[in-house]
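Sequence lines set the chain letters: A, B, ... in the order given, protein chains first and strands last, and positions in each chain run from 1. Worth saying up front: this structure is predicted, and the values here are computed from it rather than measured.
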Amino acid sequence: MTNFADLGLSQKVLSAVTDAGYATPTPIQAGAIPPALQRRDILGIAQTGTGKTASFVLPMLTLLEKGRARARMPRTLILEPTRELAAQVAENFDKYGKNHKLNIALLIGGVSFDEQDRKLERGADVLICTPGRLLDHFERGKLLMTGVEILVIDEADRMLDMGFIPDIERIAKLIPFTRQTLFFSATMPPEIQKLADRFLQNPERVEVARPASTANTVTQRFVAAHGKDYEKRAVLRDLIRAQGELKNAIIFCNRKKDVAELFRSLDRHGFSVGALHGDMDQRSRMAMLANFKDGNIQLLVASDVAARGLDIPDVSHVFNFDVPIHAEDYVHRIGRTGRAGRSGASFTIVTKRDTKFSDAIEKLIGQTVEWLNGDLSQLPEPMESHDGRRERGRDGRKDRKKDVERSGRARGDHKSDAARIDNVTEFEPVAERAEAVKPERSADHKQGHASRNDRLGRAQNAANDDNRDRRHRNRRDHDDGPTPVGFGDEIPAFMLIVGKA
DNA sequence: AAAAAAC
């Protein structure tokens, strides 16, 4: 079996890899690192969880040891589809580049420009970007791409799904033809192949088996439920409580508004829960992810922003509150558990409306999924209205205000319930928990908080606003209560990357 | 039936 020491990596890189506790490269690493070090183009077919990130980070670090960055002329460029993935790659550079003195800049949306501008001005060895923010900087004349030696396009199939390809093409045109290109995709549909043909020159093709057959380590079950949301929520609560050892779980919803709604419901029911979706401000997103990784919250309700690529080791359970519309997303979602050979469990709540999609899932994964307590045809009729009404009283929208008061969450903080509940971005529960971990608050700390706010900018949720009805908007306009509490002393790792000089 | 990403 190959060893990291045989791949041609530099001593600095090898020692960081050893310190991180790795001795044997994964197949994608063993396959991609040697040709990458010889400046070959790479076509990598692999998804996260296969060690893909290190397969480009390690050779890049080695190659970057020669030469030095010039102002506004980055030497390498990595494109990622989501902000969280970009931040995750930046963390990898910190981990494996600890013996290097490289300037790494994370250029993502949702946070302030100042720090990013400063890093570009100083000269960055590595730029890790989401396409929109990179182009924004470019248009403002903050950088030149003519000095880029290595271009990494990660998660190309997802970039395609998300409509980023025109941006990617534009960016690629700004980079010299003599560059080295490392191109990664989990799947290779014809469009991606065409793209690869255009971007790559005589690439080394490295393909590793998709862990799409997660079936080996992940127990999958369908759970029949009636279609009303409150009924599904009751089924979900029963499921969660029925799990003997539930270390932590990601609960996926199809829509952002359902993420917010389910989060509120679970929170009211006393679960340790957070939420993650793309309309939340970036601070909350990062804090939420950090809190979940650190085990400060047990359940994470999420949209498909969390379905792919996010490396959260050791998730014990995945629940699909909604059946994903695209069967591929199912594979990605349940792939969040059962990682690195560990066992995991996944439960998908299926209603009559969803059978089309659950059938498609079985077809894609090539196996039938067992039903937990009988399939839809065995589902008992709902006990007509009085049962439903009782549920609604506890869980539905009607008695929301009473509910909030009863659960002791009305703390006289001048915020209207509606404003607080609807603005998922404020997340007081997490702030509370962060404080519970580190209760002490000093004047110094308050100052630190203000400057972090400054640096990262305030929540800007245009899309959220569009979706919100007027009633909520009006309510929110009066909402000038106290500034939401920050992270306590729990500064998410991602923020430290953004902020580090 | 959605989500993601620039301001």
Interatomic distance where NZ belongs to A:Lys356 and C1' belongs to B:dA1 [whole Å]: 9 Å
Separation of B:dA4 P from A:Ile325 CD1 (nearest whole Å): 13 Å
Within the structure shown, what part of the strands sits under 4.0 Å from A:Arg353 by heavy-atom distance: base, sugar-phosphate, or nothing? base
Can you tell which of A:Val218, A:Val369, A:Val315 makes a side chain to side chain contact (heavy atoms under 4.5 Å, CB included) with A:Ser346? A:Val218
If you only use heavy atoms from C-beta on, which nucleotide in B:dA2, B:dA3, B:dA6 is closest to the side chain of A:Ser303? B:dA3
Short side-chain N/O contact from A:Thr130 to OP1 or OP2 of B:dA6, under 4.0 Å: yes
Rounded off to whole Å, could you give me the CD1-to-P distance for the A:Ile165 and B:dA5 pair? 16 Å
In this structure, how many angstroms lie between the P atom of B:dA4 and the CZ atom of A:Arg83, rounded? 10 Å
For residues 298-307 of chain A, pull every pair meeting side-chain hydrogen bond (donor to acceptor under 3.5 Å, both in side chains), keeping only residues two or more places apart or in separate chains. A:Asp304-A:Arg333
Check every strand shown and say whether A:Asp258 touches a base, only sugar-phosphate, or nothing at a heavy-atom separation below 4.0 Å. nothing
Nucleotide B:dA6, atom P - distance to CZ of A:Phe138 in whole Å: 17 Å
Looking at B:dA2, I'd like to know if its phosphate oxygens (OP1 or OP2) sit under 4.0 Å from a side-chain N or O belonging to A:Lys257. no
On a plain distance test, is the side chain of A:His277 in donor-acceptor contact with the base of B:dA3 below 3.5 Å? no
Indicate whether the side chain of A:Tyr330 and that of A:Gln220 have a donor and an acceptor atom separated by less than 3.5 Å. yes
Checking contacts here: which listed nucleotide (B:dA2, B:dA4, B:dA1) is nearest the side-chain heavy atoms of A:Val305? B:dA4
Close aromatic pair by centroid cut-off 6.0 Å: A:Phe357 and A:His326: no
Rounded to the nearest angstrom, tell me the gap between atom CZ in A:Arg158 and atom C1' in B:dA5. 11 Å
Between CZ of A:Arg285 and P of B:dA4 the distance, given in whole Å, is 7 Å
Given atom CG of A:Asp281 and atom C1' of B:dA5, what is their separation to the nearest angstrom? 16 Å
Report the residues that fulfil side-chain hydrogen bond (donor to acceptor under 3.5 Å, both in side chains) with A:Glu191, sequence neighbours left out, ordered by chain and then residue number. none
May I ask you to say what A:Asn254 touches in the nucleic acid, namely base, sugar-phosphate or nothing, with a heavy-atom cut-off under 4.0 Å? sugar-phosphate
Is the shortest side-chain N/O distance from A:Thr82 to OP1 or OP2 of B:dA5 below 4.0 Å? no
